[in-house]
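Pasting a structure below so you can have a look.
Quick note on labels: first sequence line is chain A, next is B, and so on, each numbered from 1. Keep in mind the model is a prediction, meaning the values are calculated, not measured.
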Protein chains: 2
Amino acid sequence: MLQGMVKAHPQLISLLPKTQVVVRTQAKEKGKVAVISGGGSGHEPAHAGFVGKGLLDAAIAGSVFAAPSFNDVLAALKHCGNPGGVLFVVKNYTGDRMLFDMATEEASSMGIPTRQIVVADDVAIAEVSKRRGVAGTIFVHKIAGAAAEMGKSLDEVHALAERASISIRSMGIALTPCTIPGNPKPNFDLAEDEIEFGIGIHGEAGIRREKIRPVRHLVEKILSHIFSDLPLEACDEVVVLVNGMGATPIMELYIAFQNVVEMLASKKITVYRSFVGEFMTSLDMAGFSITLFKVDEELKTLLDYPCHAPAWIQPFS
Amino acid sequence: MLQGMVKAHPQLISLLPKTQVVVRTQAKEKGKVAVISGGGSGHEPAHAGFVGKGLLDAAIAGSVFAAPSFNDVLAALKHCGNPGGVLFVVKNYTGDRMLFDMATEEASSMGIPTRQIVVADDVAIAEVSKRRGVAGTIFVHKIAGAAAEMGKSLDEVHALAERASISIRSMGIALTPCTIPGNPKPNFDLAEDEIEFGIGIHGEAGIRREKIRPVRHLVEKILSHIFSDLPLEACDEVVVLVNGMGATPIMELYIAFQNVVEMLASKKITVYRSFVGEFMTSLDMAGFSITLFKVDEELKTLLDYPCHAPAWIQPFS
């Protein structure tokens, strides 16, 4: 899969030999902060699809739904590490966190300044420290990547990524589970007429099961979870992401999005930018997640900053 | 769905009031040839996703898998038609062809010069006149859109679109049928361990059914169909499209693509550009199609010409 990705976008991304590390094809400017992310496979286009100018410097892929190898993180560090420093964008899972903690120690012994940002945007889980990093992670990549490309320092890039991270909330639903390659059965069973609320991106069951209902109802439920966690007032500006989980027709994503926009309008919340499509998937799961990202002027500038990666092209306007 | 699409990309596309016609938000230059396409819904991001600068001027959407209404074609003609003329890009289906033939007559009575290009890229069907227009249609949109944006005349735009059209071949397979909204059952049944070869984009059954086999085998079969129809020699250059049918994980599309690239390399055919993702879908069908587009220097320039549509951003390099 990684070989296919780099061959499809050879001008943008390359595979470091004998690793599962995807890096930018074009050499980066010396001294620029490197932004590195990674995690299990099965979430395509994340994470390799977000490697490119103005976005990530490297993405490290584990096996399906498994943390990357420590050797691969070291290879990425050696390739990208420089006196400007490295920001690791880490989704809040035990395996990923252990891995990047070890890498942070190692980087320190290599003399590379390193900071971490831990993304935990999934409001399906009430306890904040246990929240998973899901689709909203792509906005942390974008903000950190833009800040680094602008030439900001490691501390500045970290602070901006942190400001993005605390302003992002996501929640997802599924109509079907996903099936991990090699497993004979999906991780959970769901009847034809049932919906799973609050699913993660690794095929895990959600927090609640309900009878299937029209999409308007599903969108309302998800947004009410998000609103209770992310205070939003009239005239606040948000970026909206409706993310397909892998097997959801694009038609259905746009219908869900249309309902999100109507509900935000009824609260007089302004939509600054919208993203509808597949950004952080879960293999062949049918379903979608909604992410709201509350933005201020500086975050808007960073979001709109030009970038060129396989899964995100932000043209110079 | 269309309301969601235009609200997600308000800078790029708008809906003509009381129609299912999506047009560019920015006014086009006077005198430029207008490129108009359309067809049934259920193929998202086609066709509205390809409306934008350097691509289509308008996309007319019918109901799911149904030709658009004549009134909507007239609305598109009135909005886009001008002395520069109009090129209709038509997929080879009876309903669509009748519709655009009627529209061509009407345009003539309105004094708008009009040409048609009929796309029939699906090699699953042996008889050329009966071939369907499938995923390769997006390249005809791109070539015609770029030629029109460059300021070429209607005859020139038509000739270039024709040259693209005769150089494109596609074929698809499916692991599942699709289900049309409101229908209780899919259009055909397929066992867990079966593959349908030569499917169309409207849920119709294919030309042959086989036991499931590794992707390498499927890619080989599809390419052998294409090679027997599109003469390709060593050093020829092609553009590759691996198109997801709606429910296929992106991971699987890149694995299929990797196999396509290896087989082309073994024949010393050069890959000029690659596209992997969802471009012309069939609702919730799981499967993919492969398109090869043989290109020369002029077609390469047109393919790389800048464009900005929801589903295709070609940045100024």
Side-chain angles (χ1 to χ4, degrees), chain A residues 1-11 41-46 48-49 64 175-176 178 181 240 242 244-262 265 271 273-278 281-286 306-308 310-317, chain B residues 1-11 41-46 48-49 64 175-176 178 181 240 242 244-262 265 271 273-278 281-286 306-308 310-317:
Chain A
M1 185 266 293
L2 290 175
Q3 283 169 13
M5 284 186 94
V6 299
K7 281 181 193 158
H9 313 280
Q11 292 87 354
S41 292
H43 306 304
E44 292 68 32
V64 171
L175 294 165
T176 70
C178 66
V240 177
V242 174
M245 301 307 294
T248 315
I250 295 174
M251 172 182 273
E252 295 181 12
L253 298 180
Y254 277 113
I255 295 169
F257 170 76
Q258 159 69 3
N259 281 280
V260 174
V261 168
E262 281 182 9
V271 176
R273 292 278 182 266
S274 302
F275 297 81
V276 181
E278 294 185 334
T281 59
S282 184
L283 293 170
D284 61 342
M285 176 175 263
C307 68
H308 197 173
W312 195 331
I313 301 172
Q314 179 73 44
F316 289 82
S317 56
Chain B
M1 186 267 292
L2 290 175
Q3 284 169 12
M5 284 186 94
V6 300
K7 281 181 193 159
H9 313 281
Q11 292 88 355
S41 293
H43 307 304
E44 292 66 33
V64 171
L175 293 166
T176 70
C178 67
V240 178
V242 174
M245 301 308 294
T248 315
I250 295 175
M251 172 183 273
E252 296 180 12
L253 298 181
Y254 277 115
I255 294 170
F257 171 75
Q258 159 69 3
N259 281 280
V260 174
V261 169
E262 280 182 10
V271 176
R273 292 278 182 265
S274 304
F275 296 81
V276 181
E278 294 184 334
T281 59
S282 184
L283 294 170
D284 60 342
M285 177 175 262
C307 69
H308 197 174
W312 195 330
I313 302 172
Q314 179 73 43
F316 290 81
S317 54

| query | B:V276 and A:A8: which non-hydrogen atoms are nearest, and at how many Å? | reply |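 Here B:V276 and A:A8 meet closest at CG2-CB, 3.9 Å.
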
| task | Can you tell which part of B:E252 gets under 4.5 Å to a heavy atom of chain A, answering side chain, backbone, both or neither? | result |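 When you check distances to chain A, no heavy atom of B:E252 falls under 4.5 Å.
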
| query | Measuring from A:T248:OG1 to B:L283:CG, what's the distance to the nearest 0.5 Å? | reply |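 A:T248 atom OG1 to B:L283 atom CG measures 12.5 Å (nearest 0.5 Å).
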
| query | What distance separates A:I255 CD1 from B:L2 CG, expressed to the nearest 0.5 Å? | reply |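 Nearest 0.5 Å value for the CD1-CG distance: 9.5 Å.
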
| said: Need one label for A:V64: side chain, backbone, both or neither, based on atoms under 4.5 Å from any heavy atom in chain B. | reply: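 Side chain only.
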
| field | Candidates A:K7, A:M5, A:Q3 - the one meeting side chain to side chain contact (heavy atoms under 4.5 Å, CB included) with B:Y254 | value |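 Going through A:K7, A:M5, A:Q3 one by one, the side chain to side chain contact (heavy atoms under 4.5 Å, CB included) with B:Y254 is satisfied by A:M5 alone.
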
| said: Ignoring hydrogens, what is the shortest heavy-atom contact between A:I313 and B:P315? Give both atom names and the distance. | reply: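 Taking every non-hydrogen atom into account, CG2-CG, 4.1 Å.
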
| Which atom pair, heavy atoms only, marks the closest approach of B:I250 to A:E44? |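 Taking B:I250 first and A:E44 second, the nearest heavy atoms are CD1-O, 3.5 Å.
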
| field | Heavy-atom contact with chain A under 4.5 Å, split by part of B:H308 | value |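 Just its side chain gets close to chain A.
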
| Closest-packed option against chain A by number of heavy-atom pairs under 4.5 Å, given B:M251, B:H43, B:R273 |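 Going by pairs under 4.5 Å, I would pick B:M251.
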
